[in-house]
Visitor: 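Pasting a structure below so you can have a look.
So that the names make sense, note that chain A is the first sequence line, chain B the second, and so on, each numbered from 1.
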There are 2 protein chains.
Amino acid sequence: MIAVSIEPGSTPPLVDRIGDGLSRVATAMRSEAWTAAEAIGLNPTQLQILTFLVARGRSGMRVKQIAAYLGVSQPTTTDSVNALLRKGLVEKQADPSDARALSVAATPQGETAVRQAGQLASATEDAIAALSKLEQQDLLTHLVKIIRRLQTAGAIPEQRMCVNCRYFRPNVYDDAKAPHHCAFVDAAFGPAELRVDCGEFEGADAAERDAAWRVFNRGAV
Amino acid sequence: MIAVSIEPGSTPPLVDRIGDGLSRVATAMRSEAWTAAEAIGLNPTQLQILTFLVARGRSGMRVKQIAAYLGVSQPTTTDSVNALLRKGLVEKQADPSDARALSVAATPQGETAVRQAGQLASATEDAIAALSKLEQQDLLTHLVKIIRRLQTAGAIPEQRMCVNCRYFRPNVYDDAKAPHHCAFVDAAFGPAELRVDCGEFEGADAAERDAAWRVFNRGAV
DNA sequence: GACAATGCATAGGAATCCTATACGAATGAT
DNA sequence: ATCATTCGTATAGGATTCCTATGCATTGTC
């Protein structure tokens, strides 16, 4: 919980005000998610699951992974997955490597639904787009740093971000606009191209990851 | 809804990746809110309402205002306010100026509960605190800009922020650390002290607000 | 004074979301 | 190899959120 200072006249700590600001933006995103989801006959949780599954492709995800991604319990996830199943937007397959496990994947209809929802107008997108390119780039960088911390603290699962990826080579070029290198696509890229959820992600081991992070973060931990 | 690119190999637009990052942080905040709220026998929505009421003081807020703040419907707010009422954490008072309206305010027990919840450890707070002071300051500034846009778009209600306040005098000093002035406390302050939800807030009219924003934002709209 | 608009409550119902538990499958220890 | 444990998921049960639609009282407007 983000603490809120309740003493009149005193300024709350900077960290709390940032948390408060994030909450306000999250509120807008949440109510926007309702309209977007309703446009395709879903609710926000179902759309979030479906979007997640579409982004992961046809290999499918396990129920537990979906639950971790959403930050809810496993039975809750089962509920919502079943709702999507009834609507024909996802399908369950047996996991060949583990007979206990399921592989939940989006159907073609599910992909279509996500495309439709993604094309709706979004006040949040507009608000972010109103920032300058440099501001957007800085904001993304700060978010990546926060997300990485949340991940190491165990508050969220491992993210498919560049800074966790074995193909990531931070700060190998002098060009400030594209100092990094992605060994998967074998191309230079910059802070504005950093990925938060990359389809080609492959996790690096802990030592590689820490080393890359130090280089990326210019030596700071 | 924040669109998510689903074509393999292509990098989603920067705006979408920022939206995605914000969602990830919001997920962590949401699941954190569960533990914090449960520690005092509430759920996240109830704690959010209670925190909001405590921040607003004993004058009380109307149901409709609470609903707008939360971004949910008015009946939903009535539900949760009644739950808090049964627990003795808020009280309803008749609004003297309008016999239809209610004034919902936190009780002393409610204030105590919010204090308790605010003192719990928070991975999100820690993650934000791990940023440098300058990064935090930039992040806050970007959030303020986004929130203002969301507000002018009608996605969220008027926020009690400096940039909306009649006491705000942006960029009146040369000192980069404290270029602004608050006419309420009659003191200089800087970007790191910008308020997102100020108790002493008083809304400026539209013309004042736009003028102040241009000065604050160095001429950009 | 008639009539629309506003503020809130209620009705009704669907869905989220939790904990606790059950069960089969996989894993590890002895 | 057997048995206990762990793991992945489903189910049971229940509280609450959250919606739309509607009703009722009050307020404002013509």
Visitor: Take B:Thr77 and B:Lys87, find for each the nucleotide of DNA chain D with the closest heavy atom, and name the residue whose nucleotide sits nearer the 5' end.
Guide: B:Lys87

Visitor: Under the salt bridge (Lys or Arg N to Asp or Glu O under 4.0 Å) rule, collect the residues that match up with A:Asp98, sequence neighbours excluded.
Guide: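 A:Asp98 satisfies salt bridge (Lys or Arg N to Asp or Glu O under 4.0 Å) with A:Arg100 only.
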
Visitor: CG of A:Leu70 versus C1' of C:dA15: gap in Å, rounded?
Guide: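 To the nearest whole Å, that distance equals 14 Å.
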
Visitor: Just to verify, what does B:Asn43 make a side chain to side chain donor-acceptor pair (under 3.5 Å) with, not counting sequence neighbours?
Guide: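 Here no residue qualifies.
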
Visitor: Return the set of residues passing salt bridge (Lys or Arg N to Asp or Glu O under 4.0 Å) with A:Asp138 (not counting sequence neighbours), or none when no residue passes.
Guide: none

Visitor: Of the listed nucleotides (D:dT16, D:dT9, D:dC18), which one gets closest to any side-chain atom of A:Ala101?
Guide: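 Of all the options, the side chain of A:Ala101 is nearest to D:dT9.
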
Visitor: May I ask you to evaluate whether B:Ser80 reaches the phosphate of D:dT17, defined as a side-chain N or O under 4.0 Å from OP1 or OP2?
Guide: yes

Visitor: Determine the contact category for A:Thr45: base if any of its heavy atoms lies under 4.0 Å from a base atom, sugar-phosphate if only primed atoms, P, OP1 or OP2 are that close, otherwise nothing.
Guide: sugar-phosphate

Visitor: Tell me, please, which residues at least two apart from A:Lys87 pass side chain to side chain contact (heavy atoms under 4.5 Å, CB included).
Guide: A:Leu42, A:Gln46, A:Leu89

Visitor: Can you pull every protein N or O that's under 3.5 Å from an N or O on nucleotides 27-29 of chain D?
Guide:
from	atom 1	to	atom 2	distance (Å)
D:dT27	OP1	B:Ala99	N	3.1

Visitor: Write down the distance between NZ (A:Lys64) and P (D:dC7), rounded to a whole number of angstrom.
Guide: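 So the NZ-P distance, A:Lys64 to D:dC7, works out to 7 Å.
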
Visitor: Where does the angle between the aromatic ring planes of A:Phe216 and A:His180 fall among parallel (under 30°), tilted (30 to 60°) and perpendicular (over 60°)?
Guide: tilted

Visitor: Taking side chain to side chain donor-acceptor pair (under 3.5 Å) as the test, write out the residues that go with A:Arg62, two or more places apart.
Guide: A:Asp95

Visitor: Please report how far the helix from C:dG1-D:dC30 to C:dT30-D:dA1 bends, comparing the axis fitted to its first five pairs with the axis fitted to its last five, to the nearest 10 degrees.
Guide: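 End axes: 30° apart.
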
Visitor: Which heavy atom in A:Arg166 sits nearest to a heavy atom in A:Glu208, and how many Å separate them?
Guide: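 A:Arg166 and A:Glu208 have their closest heavy atoms at CB-OE1, 4.3 Å.
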
Visitor: If you compare every side-chain N and O of A:Arg62 against the phosphate oxygens of D:dA10 (OP1, OP2), does one of them come in below 4.0 Å?
Guide: no

Visitor: Under the rule for ring pair (Phe, Tyr, Trp, His ring centres under 6.0 Å), what residues qualify as partners of A:Phe52, not counting sequence neighbours?
Guide: A:Tyr69

Visitor: Quick one: is A:Thr76 getting a side-chain N or O under 4.0 Å of the C:dC18 phosphate, OP1 or OP2?
Guide: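 Looking at the OP1 and OP2 atoms of C:dC18, one of them is under 4.0 Å from a side-chain N or O of A:Thr76.
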
Visitor: If you assign A:Asn43 and B:Glu38 each to the DNA chain C nucleotide with the nearest heavy atom, which residue ends up on the more 5' nucleotide?
Guide: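 The 5'-side residue here is A:Asn43.
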
Visitor: Could you state the CH2-C1' distance from B:Trp34 to D:dT17, rounded to the nearest angstrom?
Guide: 9 Å

Visitor: Any protein N or O atoms within reach of nucleotides 9-14 of chain C? Criterion: under 3.5 Å, listing atom names and distances.
Guide:
from	atom 1	to	atom 2	distance (Å)
C:dA9	OP1	B:Lys92	NZ	2.7
C:dA9	OP2	B:Thr78	OG1	3.0
C:dA9	N7	B:Gln74	NE2	2.9
C:dA9	N6	B:Gln74	OE1	3.4

Visitor: Apply side chain to side chain contact (heavy atoms under 4.5 Å, CB included) to B:Ser103 and list each qualifying residue two or more places apart in sequence or on a separate chain.
Guide: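 Result, side chain to side chain contact (heavy atoms under 4.5 Å, CB included) vs B:Ser103: B:Gln93.
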
Visitor: A:Arg169: which residues meet the salt bridge (Lys or Arg N to Asp or Glu O under 4.0 Å) condition with it, sequence neighbours left out?
Guide: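 For A:Arg169 there are no salt bridge (Lys or Arg N to Asp or Glu O under 4.0 Å) partners, ignoring immediate neighbours.
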
Visitor: Under 4.0 Å: is that the gap between some side-chain N or O of B:Ser73 and OP1 or OP2 of D:dC18?
Guide: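 No, because none of the side-chain N or O atoms of B:Ser73 sits under 4.0 Å from OP1 or OP2 of D:dC18.
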
Visitor: With sequence neighbours left out, what residues match A:Thr141 under side chain to side chain donor-acceptor pair (under 3.5 Å)?
Guide: none

